[in-house]
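The block underneath contains the structure these notes are about, expressed in structure tokens.
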Amino acid sequence: LRPSAFIPILCAEAFNPDDDDEVEEPRVVHPKTDEQRCRLQDACKDILLFKTLEQEQFSEVLDAMFELLVQPQEHVIDQGDDGDNFYVIERGIYDIVVLIDGIGKCVGQYDNKGSFGELALMYNTPRAATIIATQEGALWGLDRATFRRLIVKNNAKKRRLYEQFVESVPLLKSLELSERMKIVDVLGMKTFSDEERIIMQGDRADCFYIVESGDVKIMMKSKTKVNQEDNAEVEITRCSRGQYFGELALVTNKPRAASAYAVGEVKCLVIDIQAFERLLGSCKEIMKRNITHYEEQLVALFGSSMDLK
Ligand code: CMP
Ligand code: CMP
């Protein structure tokens with residue numbers, strides 16, 4: 001796909017080549033109207049890969065992005081191709097199709113948010129999936145060179161920062177080191193202030209959390225008392241450093257079973273549902289086993305079992 005209406009202006013402004021292993025590339029700027037910039041900022045505010053960038057790098061990324069309109073059935077990416085751009089979704093629904101034994105299988109969908117196309121650019125590999133627009137949609141593209149210069153370089157820093165911590169997370173112990181590092185490459189970091197709600201019971205789920213610091217309180221309204229006035233939230237449990245939450249809805253394909261709140265300032269690693277499916281598939285058994293424990297907790301608290309599965 002080619003940028004639609006805008007011709008890039010290439011500024012000769014140099015970046016510091018000392019700490020960059022890529023061929024020196026000029027800075028890419030696609031001029032935008034204020035209205036476009038607002039839409040772009042909105043589309044990018046929850047993109048996990050941008051969450052650990054410094055402000056300066058993030059502005060460079062925004063400058064380099066260009067708008068693309070797509071038509072129903074358009075293939076934004078074809079599996080096996082070389083990677084040209086990374087994409088952030090502004091709107092539209094996109095199927096993720098992966099060839100399994102030569103047959104295309106839809107393994108997931110992006111619904112009006114998220115991003116894709118990072119893998120081929122990060123690891124210099126062919127595109128790992130085909131992405132098909134199911135309706136008219138809008139995307140923001142980021143060219144390969146800028147992605148590598150800013151995001152891939154930031155990943156080296158992320159690995160240094162989170163490698164040790166990720167090694168210590170019990171859930172991830174069964175993975176190979178290289179698999180854990182792939183998680184680090186795509187994770188985002190979010191901070192929450194005291195009492196801030198991280199997850200709301202009943203919401204649709206699109207990510208999974210690991211606590212890096214602070215405590216997270218899991219609270220639930222009884223499902224058997226829906227619409228009753230005394231249906232206040234009850235604390236079920238707390239998660240601390242190294243523990244995870246928000247996996248249940250991803251494993252069961254159901255809405256969030258409980259709410260989660262920050263106790264004090266909390267930092268969490270965040271993994272989106274697509275990366276969760278791709279990289280944590282082998283940990284799902286451990287997570288499924290834990291559901292019985294959740295159900296026992298609920299029986300103890302509410303006197304009745306709830307069907308979490
Ligand atoms: P890339 O390989 O560059 O191009 C296809 C993109 O699809 C890939 O990056 C990911 O961003 C995205 N994707 C989402 N789910 C999957 C999956 N299960 N396997 C491979 N790629 C996926
Ligand atoms: P999820 O349903 O995605 O969002 C709320 C999270 O609360 C849930 O995943 C679990 O990770 C966590 N949780 C902890 N204890 C329980 C419990 N007893 N029942 C349901 N969810 C629980």
Side-chain angles (χ1 to χ4, degrees), residues 47-49 75-89 94-100 104-110 114-132 142 144 147 151 171 182 185-186 197-211 216-223 233-239 243-261 268 271-281 287-288 290-302 305-309:
I47 299 304
L48 296 180
L49 273 180
H75 287 207
V76 183
I77 285 178
D78 277 301
Q79 187 170 348
D81 281 1
D82 287 341
D84 47 3
N85 301 309
F86 167 68
Y87 300 96
V88 169
I89 297 167
Y94 303 83
D95 282 339
I96 306 162
V97 178
V98 176
L99 284 172
I100 297 167
K105 183 168 181 271
C106 184
V107 297
Q109 201 175 55
Y110 296 97
S115 61
F116 54 81
E118 75 291 358
L119 299 180
L121 308 187
M122 270 182 191
Y123 304 120
N124 273 319
T125 47
R127 293 295 199 186
T130 297
I131 306 289
I132 307 171
L142 178 68
R144 179 188 183 98
F147 184 93
I151 312 285
L171 173 73
K182 283 183 180 162
D185 288 341
V186 293
R197 187 168 59 210
I198 305 170
I199 282 181
M200 178 148 132
Q201 185 173 347
D203 274 3
R204 269 182 63 182
D206 59 7
C207 64
F208 156 80
Y209 300 85
I210 299 172
V211 182
V216 173
K217 194 161 65 169
I218 305 292
M219 308 273 288
M220 194 188 235
K221 288 185 181 181
S222 160
K223 283 191 195 156
E233 285 189 324
V234 176
E235 180 170 336
I236 305 176
T237 186
R238 289 192 180 206
C239 304
Q243 293 181 308
Y244 61 88
F245 62 97
E247 83 298 357
L248 183 61
L250 303 186
V251 170
T252 59
N253 246 320
K254 286 189 172 185
R256 295 294 194 190
S259 295
Y261 297 89
C268 289
I271 295 159
D272 71 27
I273 180 170
Q274 287 81 20
F276 178 88
E277 290 292 339
R278 201 160 37 81
L279 299 168
L280 287 165
M287 297 179 193
K288 281 184 186 158
N290 207 22
I291 299 180
T292 315
H293 169 65
Y294 288 161
E295 285 178 331
E296 285 162 7
Q297 275 180 334
L298 301 183
V299 172
L301 274 166
F302 298 115
S305 171
M306 283 181 224
D307 180 19
L308 294 179
K309 295 186 185 97

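Order of listing sets the numbers, starting from 1, for every ligand and every atom in it. What you see below is based on every heavy atom in this structure, not just the backbone, and it leaves out hydrogens, waters and symmetry mates.
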Problem - ring pair (Phe, Tyr, Trp, His ring centres under 6.0 Å) partners of Y110, counting only residues at least two apart - result: F116
Handout entry: Short N-O contact, R197 and E233, less than 4.0 angstrom
Key = no
Under a 4.0 Å heavy-atom limit, does [X] contact ligand 2 with its side chain, its backbone, both, or neither?
X	value
Q297	side chain
L298	side chain
L248	both

Kindly confirm or rule out an N or O of [X] lying under 3.5 angstrom from an N or O of ligand 2.
X	answer
E295	no
G246	yes
Y244	no
M220	no

Practice task
Taking all non-hydrogen atoms of both residues into account, name the closest pair between A258 and I199 and its distance.
Solution key: O-CG2, 3.3 Å
Exercise for the section: Answer whether the closest heavy-atom distance between the side chains of L171 and M287 falls below 4.5 Å. Expected result: yes
Exercise for the section: Find out whether T252 and I291 are in side-chain contact, i.e. whether some heavy atom of one side chain is under 4.5 Å from a heavy atom of the other. Expected result: yes
Are any side-chain N or O atoms of [X] and backbone N or O atoms of [Y], one a donor and one an acceptor, separated by less than 3.5 Å?
X	Y	result
Q201	K221	yes
R256	A205	no
E235	K217	no

Exercise for the section: Using the side chain to side chain contact (heavy atoms under 4.5 Å, CB included) rule, pick out the option among V251, L248, I273, I271 that qualifies with F208. Expected result: I271
Fill in the blank from the handout: Exactly one of L49, N85, D84 clears side chain to side chain contact (heavy atoms under 4.5 Å, CB included) with F147, and that residue is L49
Problem - D78 CG: over 12 foreign heavy atoms closer than 6.0 Å - result: yes
Heavy-atom contacts with [X] under 4.0 Å: which atoms of ligand 2 show up? List them by number with element.
X	result
I236	18 (N)
T237	14 (C), 15 (N)
F245	11 (O)

Considering only N or O atoms, set out every pair between ligand 1 and the protein closer than 3.5 Å, with distances to one decimal place.
unit_1   : atom_1 : unit_2 : atom_2 : d
ligand 1 : 2 (O)  : A128   : N      : 2.8
ligand 1 : 3 (O)  : G117   : O      : 3.4
ligand 1 : 3 (O)  : L119   : N      : 3.4
ligand 1 : 3 (O)  : A120   : N      : 2.9
ligand 1 : 3 (O)  : R127   : NH1    : 2.7
ligand 1 : 9 (O)  : L119   : N      : 3.4
ligand 1 : 11 (O) : G117   : N      : 2.9
ligand 1 : 11 (O) : E118   : OE1    : 2.6
ligand 1 : 11 (O) : E118   : OE2    : 3.3

Handout entry: Test item, A205 contacting ligand 2 (heavy atom, 4.0 angstrom)
Key = no
